Student: 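Okay, handing you the structure first.
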Amino acid sequence: MPRQSTSLDRATPERIAEQALLIVDQDGYTALSFRTLASALDISVASLQRRCTDLAGLLDLVTDHLAARLPEIEPGTAWASATEARFAALYELLTDHPGLVALRGDRPWLGPQLLKRLVEPQLADSLAAGMTPEEAIVTHRRLYLLTLGSASFVNHRDPKAAQSATRRALAALDPGEFPVLTGQLGAVLPAVVDHEVYFGALRQLIHAAGPARAATVPGPAAEEE
């Protein structure tokens, strides 16, 4: 059986993922290409393509590599605590790598590590806590979208730039037409990059969706609370 090439030996999924993340984090997501990545790994583009055929395959490899860092929650942990731990960890992972979030765009994140460490155990815990399958899935979806959305619209690795962009946008507004936005910069700008905006919303959503409440409050009424 022929020996695998040295180039492929260097192009392990772990090395590819780590190097791709390094490029995106240091140089921005527009800097990532098969050519730049292959050069950084000292391999050929063809060797890289054997590991991940196209950009979508590369992004799937990188995101699933990251998902392996999500915590495995101790069995028996209270539903609310386990839920907060899982989604807080996902949020922290996403905000650490905003360039990757931008690159993924609307691509679904369905790699085996994310499904194994987040989706499957979260749904299992929700069912064990007394939710119906429909309640468990809807609750998971709400938590996931809150987390992804909170990480997607601000580059938390550069909070000053995010605040500066907001300041410039508000400075262009007519104070007569937008008196609240232009007159409340002291409140608006800190909130743009405040992680507690997410964590507070996460806890509120977990509280509202708790299994005990789901068992006693009809769906529409729960939405209005």
Side-chain angles (χ1 to χ4, degrees), residues 21 59-60 62-102 104-157 159 162-163 187-225:
L21 280 173
L59 293 178
D60 286 343
V62 175
T63 50
D64 215 45
H65 175 79
L66 273 181
R69 302 178 186 177
L70 293 173
E72 296 189 52
I73 307 300
E74 187 73 22
T77 301
W79 181 86
S81 298
T83 300
E84 181 173 345
R86 288 191 185 103
F87 284 95
L90 178 62
Y91 173 78
E92 290 166 1
L93 185 153
L94 294 174
T95 54
D96 279 346
H97 303 284
L100 180 63
V101 175
R104 286 202 63 82
D106 61 357
R107 293 181 177 89
W109 190 347
L110 298 172
Q113 288 295 339
L114 185 79
L115 298 178
K116 175 183 176 182
R117 292 176 178 265
L118 177 71
V119 182
E120 179 69 19
Q122 183 61 41
L123 293 177
D125 280 359
S126 295
L127 293 174
M131 287 189 184
T132 66
E134 292 77 14
E135 289 167 343
I137 291 169
V138 168
T139 297
H140 181 277
R141 187 70 177 161
R142 288 170 178 162
L143 292 164
Y144 176 73
L145 292 177
L146 169 68
T147 305
L148 185 60
S150 296
S152 294
F153 297 106
V154 176
N155 182 349
H156 286 284
R157 286 172 64 93
Q163 287 183 316
V188 172
L189 293 180
V192 169
V193 295
D194 185 1
H195 291 292
E196 185 53 35
V197 171
Y198 166 73
F199 289 115
L202 176 65
R203 295 181 191 112
Q204 288 179 335
L205 186 52
I206 289 172
H207 175 72
R213 297 172 65 83
T216 58
V217 181
E223 294 279 353
E224 295 170 4
E225 287 192 353

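What you see is a predicted model; the values in this text were computed from it and never measured. These values consider heavy atoms only, across backbone and side chains, with no hydrogens, waters or symmetry-generated copies.
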Student: Rounded at 0.5 Å granularity, tell me how far CG in L21 sits from NE2 in H97.
Tutor: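 Going from the CG atom of L21 to the NE2 atom of H97 covers 5.0 Å.
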Student: Among residues at least two apart in sequence or on other chains, which ones pass ring pair (Phe, Tyr, Trp, His ring centres under 6.0 Å) with F153?
Tutor: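 Not a single residue meets the ring pair (Phe, Tyr, Trp, His ring centres under 6.0 Å) criterion with F153.
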Student: Test of understanding: with side-chain hydrogen bond (donor to acceptor under 3.5 Å, both in side chains), list the residues that count as partners of D125, not counting sequence neighbours.
Tutor: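 If we apply the side-chain hydrogen bond (donor to acceptor under 3.5 Å, both in side chains) test to D125, skipping adjacent residues, the hits are R86.
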Student: Taking ring pair (Phe, Tyr, Trp, His ring centres under 6.0 Å) as the cut-off, I'd like each qualifying pair that reaches into residues 116-141, sequence neighbours left out, listed once.
Tutor: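 Found F87-H140.
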Student: Quick one: side-chain hydrogen bond (donor to acceptor under 3.5 Å, both in side chains) partners of R69, sequence neighbours excluded?
Tutor: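 Applying side-chain hydrogen bond (donor to acceptor under 3.5 Å, both in side chains) to R69 gives E18.
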Student: Using the side-chain hydrogen bond (donor to acceptor under 3.5 Å, both in side chains) criterion, which residues pair with E92? Sequence neighbours excluded.
Tutor: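 None.
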Student: Could you tell me which residues satisfy side-chain contact (heavy atoms from CB on, under 4.5 Å) with L205, sequence neighbours excluded, listed by chain and number?
Tutor: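 With neighbours one apart ignored, the set is R142, L143, L146.
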Student: I want to check something: taking the side chain as every heavy atom from C-beta on, are P133 and L127 in contact at a cut-off of under 4.5 Å?
Tutor: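 Yes; the side chains approach each other to less than 4.5 Å.
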Student: Mind checking what makes side-chain contact (heavy atoms from CB on, under 4.5 Å) contact with N155, not counting sequence neighbours?
Tutor: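 Only P98, R157, D158 meet the side-chain contact (heavy atoms from CB on, under 4.5 Å) criterion with N155.
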Student: Not counting sequence neighbours, which residues clear side-chain contact (heavy atoms from CB on, under 4.5 Å) with L148? List them please.
Tutor: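 By the side-chain contact (heavy atoms from CB on, under 4.5 Å) rule, L148 matches L94, Y144, S152.
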Student: Residues two or more places apart in sequence or in another chain: which of them pass side-chain hydrogen bond (donor to acceptor under 3.5 Å, both in side chains) with Y198?
Tutor: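 Counting only residues at least two positions away or on another chain, Y198 forms a side-chain hydrogen bond (donor to acceptor under 3.5 Å, both in side chains) with T147.
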Student: Please report the closest heavy-atom contact between L110 and L115, naming both atoms and the distance.
Tutor: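 Heavy atoms of L110 and L115 come nearest at O-CD1, 3.3 Å.
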Student: How would you list, by chain and number, every residue that makes a salt bridge (Lys or Arg N to Asp or Glu O under 4.0 Å) with E72, sequence neighbours excluded?
Tutor: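 In terms of salt bridge (Lys or Arg N to Asp or Glu O under 4.0 Å), with neighbours along the sequence ignored, E72 is linked to R117.
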Student: Please identify each residue that fulfils ring pair (Phe, Tyr, Trp, His ring centres under 6.0 Å) with H156, with sequence neighbours left out.
Tutor: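 Partners of H156 by the ring pair (Phe, Tyr, Trp, His ring centres under 6.0 Å) criterion, ordered by chain and then number, come out as H195.
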Student: Between Q163 and L189, is there a donor-acceptor pair closer than 3.5 Å when you use the side chain of the first and the backbone of the second?
Tutor: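 Pair found, side chain donor or acceptor close to backbone of L189.
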Student: Could you check whether atom CD of E120 has more than 12 heavy atoms from other residues, nucleotides or ligands sitting under 6.0 Å from it?
Tutor: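 No, not enclosed.
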Student: If a pair satisfies side-chain hydrogen bond (donor to acceptor under 3.5 Å, both in side chains) and one of its residues is in residues 75-85, list it, with sequence neighbours excluded.
Tutor: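 The answer is W79-S126, T83-Q122, E84-R203.
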Student: Can we say D60 and R104 salt-bridge, meaning some charged N sits less than 4.0 Å from an Asp/Glu carboxylate O?
Tutor: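 A salt bridge links D60 with R104.
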